[in-house]
K.L.:
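Sending over a structure as structure tokens; questions will come in a sec.
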Amino acid sequence: MRYEEIAKEKFDHLVKNWKKKDIYILAIESSCDETSIAVVKNGREVLSNVISSQIDIHKRFGGVVPEVASRNHLMAISNVLQESLDKAGKTMQDIDAVAVTYGAGLVGALMVGVTFAKSLAYAYQLPLIKVNHIKGHVSANYIAHQDLKPPFLSLIVSGGHTAIVRTKNYLQNDLIGSTVDDAIGEAYDKVSKVLGLGYPGGPIVDKMAKEGTHSITFLSHEMMPHTFNFSFSGLKTAVINYIHKLKQNGKEVPIADVCCSFQCEAVDALVHKTIAACKKYKAKTVAVAGGVAANKYLREQLTRVGEENGIRVLFPPMVLCTDNAAMIGAEAYFNVIHGQGLADMKLSACSGLNLKYSVKK
Ligand code: KG4
Ligand code: ZN
């Protein structure tokens, strides 16, 4: 039998028997600067989640350099696999399917994970499951909150994405709104760079903001009014112009106040639109994901405003907020049990993969 036939037979067996049998998925994530491999049991139990971060390598360049990221994924991935299997106490013989992020992300970085996953699936004659990275972020919450079931709203906030998503069921994530230009994490990183605070910018700006006050107004108007969309490029540019102007006039830049004011405007837009979306779609639960979910001010504000409006706000622990393979394994599991996601040896990286709008923008 050809590989495709064997993989399809095994996949169909999983689809038919998932209620009777434990399913172990080996998941691979390499869309940006984290090489991660996890073993996930039945979608919600993480047996291992090994993450090899390249942050220290990219720090000296002030941001992620795509070619450097691909090369480092290549160097790390075999060891990450071994460590992940060892930590889980499993061998490839125990694995039922191999899942991989095929988009969105940096194409060269994604290609390393996709090629590695294809090789493993072929060598061990296992079904190959393709996973959309953005949906993976949503699924991180199924691991963090074992009782969580759709429908709910998700807010995805990372270096690559900013989106409000309506998670209708385990398969369907409809976009309600997203950024029309920069992602929120990207704006944090850029503001940090211009202030000379380093990379990644989010944690440093978050920390500095606590020492400042919201004394500067960067955007005099509401961000993209009457929509659930965001535009962080305008806010970012306003901050940069403000800093440049002070420097040109030989004045000192009030770093903490700039951080605090930028953060208040950026996060307030997230909170305002997320709560408005909950009201419109009658959602009682919001699950947050992505690296920016680490932000203290976002956590406090969204939780507080959520409580005021009778909305339960969930945040995963940090390790599941930033890029990791466990969330990819969870997303793959819910695809498999619904008979979705099977890929073949023609699978390639799809850097621009996105979610679809359920409603007109
Ligand atoms: O999810 P993630 O690890 O990678 C992507 O998929 O992009 O998110 C990384 C982003 C970076 O832009 C980083 O600056 C931001 O998350 N970040 C934060 C905080 N911690 C990380 N942004 C704001 N506040 C934080 N505490
Ligand atoms: Zn991500």
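Read the numbers this way: they start at 1 and go in the same order the structure lists the ligands and their atoms. Side chains included, hydrogens not; waters and symmetry mates left out as well; all remaining heavy atoms used.
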K.L.:
Once salt bridge (charged side-chain N to carboxylate O under 4.0 Å, His left out) is applied, do any residues pair with K236, and if so which ones, sequence neighbours excluded?
P.N.:
D182
K.L.:
Cationic tip of K90 within the cone over Y24's six-membered ring, i.e. under 6.0 Å and within 45° of the normal?
P.N.:
yes
K.L.:
With salt bridge (Lys or Arg N to Asp or Glu O under 4.0 Å) as the test, would you mind laying out the steps for D12 and K8 before giving the verdict?
P.N.:
CA-CA 6 Å; D12 289 343; K8 176 80 170 80; 2.9 Å; yes
K.L.:
Which word best sums up how the rings of Y333 and W18 line up, parallel for under 30°, tilted for 30 to 60°, or perpendicular for over 60°?
P.N.:
perpendicular
K.L.:
May I ask you to determine how many protein N/O/S atoms are under 2.8 Å from the Zn ion (ligand 2)?
P.N.:
3
K.L.:
I'd like the contact residues of ligand 1, where contact means a heavy atom below 4.0 Å.
P.N.:
H133, H137, S158, G159, G160, G185, Y188, D189, P200, G201, G202, P203, D206, G290, G291, V292, A294, N295, C321, T322, D323
K.L.:
Hey, quick one: are F11 and I23 part of the same hydrophobic cluster, counting side-chain heavy atoms closer than 4.5 Å, chains of contacts allowed?
P.N.:
yes
K.L.:
One pair to check against ring-ring contact (aromatic ring centres under 6.0 Å, His included): Y142 and F334. What are the steps and the verdict?
P.N.:
CA-CA 10 Å; Y142 294 130; F334 291 108; 5.0 Å; yes
K.L.:
Taking distance alone, no hydrogens or angles, what donor-acceptor pairs closer than 3.5 Å link side-chain atoms of residues 184-201 to residues at least two apart or in another chain?
P.N.:
unit_1: E186; atom_1: OE1; unit_2: A183; atom_2: N; d: 2.9
unit_1: Y188; atom_1: OH; unit_2: Q263; atom_2: OE1; d: 2.7
unit_1: Y188; atom_1: OH; unit_2: N295; atom_2: ND2; d: 3.2
unit_1: D189; atom_1: OD1; unit_2: G201; atom_2: N; d: 2.7
unit_1: S192; atom_1: OG; unit_2: G198; atom_2: O; d: 2.6

K.L.:
Would you mind checking if E300 and K296 are paired as a salt bridge, meaning a charged N to carboxylate O distance below 4.0 Å?
P.N.:
no
K.L.:
Just checking K130: does its NZ atom have more than 12 heavy atoms from other residues, nucleotides or ligands closer to it than 6.0 angstrom?
P.N.:
no
